[in-house]
Amino acid sequence: MAEPLYRRVVVKLSGEYLAGSQGFGLDPATVDRIADDLIAAREMGTEIAVVVGGGNIVRGVEVSARGVSRPTGDTMGMLATVMNCLALEAAIERKGTPARTLSAFVMPEICELFTRSAAHKYLAEGRIVLLGGGTGNPFFTTDTTAVLRAAEIDAQAVLKATNVDGVYNADPKKDPSAKRFDRLSHSQAIEGGYKVMDATAFALARETSLPIIVFSIAEPGSIGAILEGQGRGTVVAG
Ligand code: UDP
């Protein structure tokens with residue numbers, strides 16, 4: 001097995017992906033498969049923290065369009081991410097690998113609060129660490145959270161798992177002439193306005209010199225392939 005490229009990474013998983021083909025909630029088979037991929041990646045020797053989205057349950061913008069204030073809608077979204085973390089934690093632990101959910105909110109009956117020291121400790125112990133609750137603030141996304149947490153815990157890269165194999169200049173599912181990039185600078189990603197991640201996330205990655213690798217999680221084993229430098233994805237760096 002090739003030596004992994006990174007010692008510690010943050011994997012960003014969208015909540016939407018965890019819904020599988022049903023489009024809402026949690027699809028147990030998908031959660032299980034992602035757990036397998038995360039465990040395989042951990043077994044390569046890379047320390048793995050995971051920031052999970054909540055779009056499979058609640059998105060703040062959508063709730064606020066129906067009469068709830070945006071900060072309240074966003075709080076609901078952040079709580080949804082904690083539920084997703086608990087589902088993944090359970091799936092990982094069922095397979096015999098230790099995991100730990102840390103939340104941006106104080107919720108002692110449910111899980112521990114995210115602190116840098118707790119994250120460092122559990123990662124060093126070999127646990128897969130699930131980071132829930134987003135940044136803890138409304139108006140942000142879990143993409144931005146992934147970059148923020150990666151910078152806080154000294155991760156060497158953010159692995160942004162999506163349903164396409166990189167950054168394109170248009171939606172490849174709608175536009176067959178869309179061009180895929182192998183590599184982009186953070187500034188090019190921001191200026192291009194590519195939809196794959198929000199500009200705040202790219203800007204924070206530029207500020208903290210963090211590479212982001214955008215790749216498709218559709219194929220089992222794709223996280224490990226990226227860690228070995230074999231996977232197909234777009235590297236946003238420099
Ligand atoms: N959210 C937030 N602050 C954060 C992260 C997330 O308010 O720091 C809320 C926001 O409402 C968002 C929801 O949580 O719509 C779910 O996160 P996101 O949309 O990033 O999930 P994904 O699209 O990755 O499933």
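Counting starts at 1 for both ligands and their atoms, in listed order. Quick caveat: nothing in here was measured; it's all calculated off a predicted structure.
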(request) Check the surroundings of atom CD in E125: do more than 12 heavy atoms from other residues, nucleotides or ligands lie under 6.0 Å from it? (result)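 More than 12 within 6.0 Å, yes.
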Under a 4.0 Å heavy-atom limit, does [X] contact ligand 1 with its side chain, its backbone, both, or neither?
X	value
P138	backbone
T145	side chain
N137	backbone
E16	backbone

(request) Answer yes when D143 and K12 have at least one side-chain N-carboxylate O distance shorter than 4.0 Å, and no when they do not. (result)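 A salt bridge is present here (some side-chain N lies under 4.0 Å from a carboxylate O).
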(message) Assess whether a salt bridge exists between D74 and R59, defined as any Lys/Arg side-chain N lying under 4.0 Å from an Asp/Glu carboxylate O.
(response)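 Salt bridge: no.
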(message) Less than 3.5 Å apart, any donor N or O on the side chain of Y194 or Q188 sitting next to an acceptor on the other?
(response)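 No.
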(message) Ignoring hydrogens and geometry beyond distance, is a side-chain donor-acceptor pair present between T141 and T144 at under 3.5 Å?
(response)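 Side-chain D/A pair, T141 to T144: present.
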(message) With the threshold set at under 4.0 angstrom, would you say M76 reaches ligand 1 through any of its heavy atoms?
(response)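 In this structure, M76 fails to qualify as a contact of ligand 1 - no heavy atom is under 4.0 Å.
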(request) From atom 10 (C) of ligand 1, work out which of D74, L148, V51 has a heavy atom at the shortest distance. (result)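 Minimum heavy-atom distance to atom 10 (C) of ligand 1 goes to D74.
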(message) Please compare F139, F140, Y17 and report which has the shortest non-hydrogen distance to atom 6 (C) of ligand 1.
(response)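 Residue with the shortest heavy-atom distance to the ligand atom: F140.
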(request) Considering the heavy atoms of G55, write down every atom of ligand 1 situated less than 4.0 Å from one of them. (result)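 Those of ligand 1 that fall under 4.0 Å from G55 are 21 (O), 22 (P), 25 (O).
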(request) Check H120 against I153 and note the closest heavy-atom contact, atom names and distance. (result)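 In terms of heavy atoms, the two residues are closest at CE1-O, 3.5 Å.
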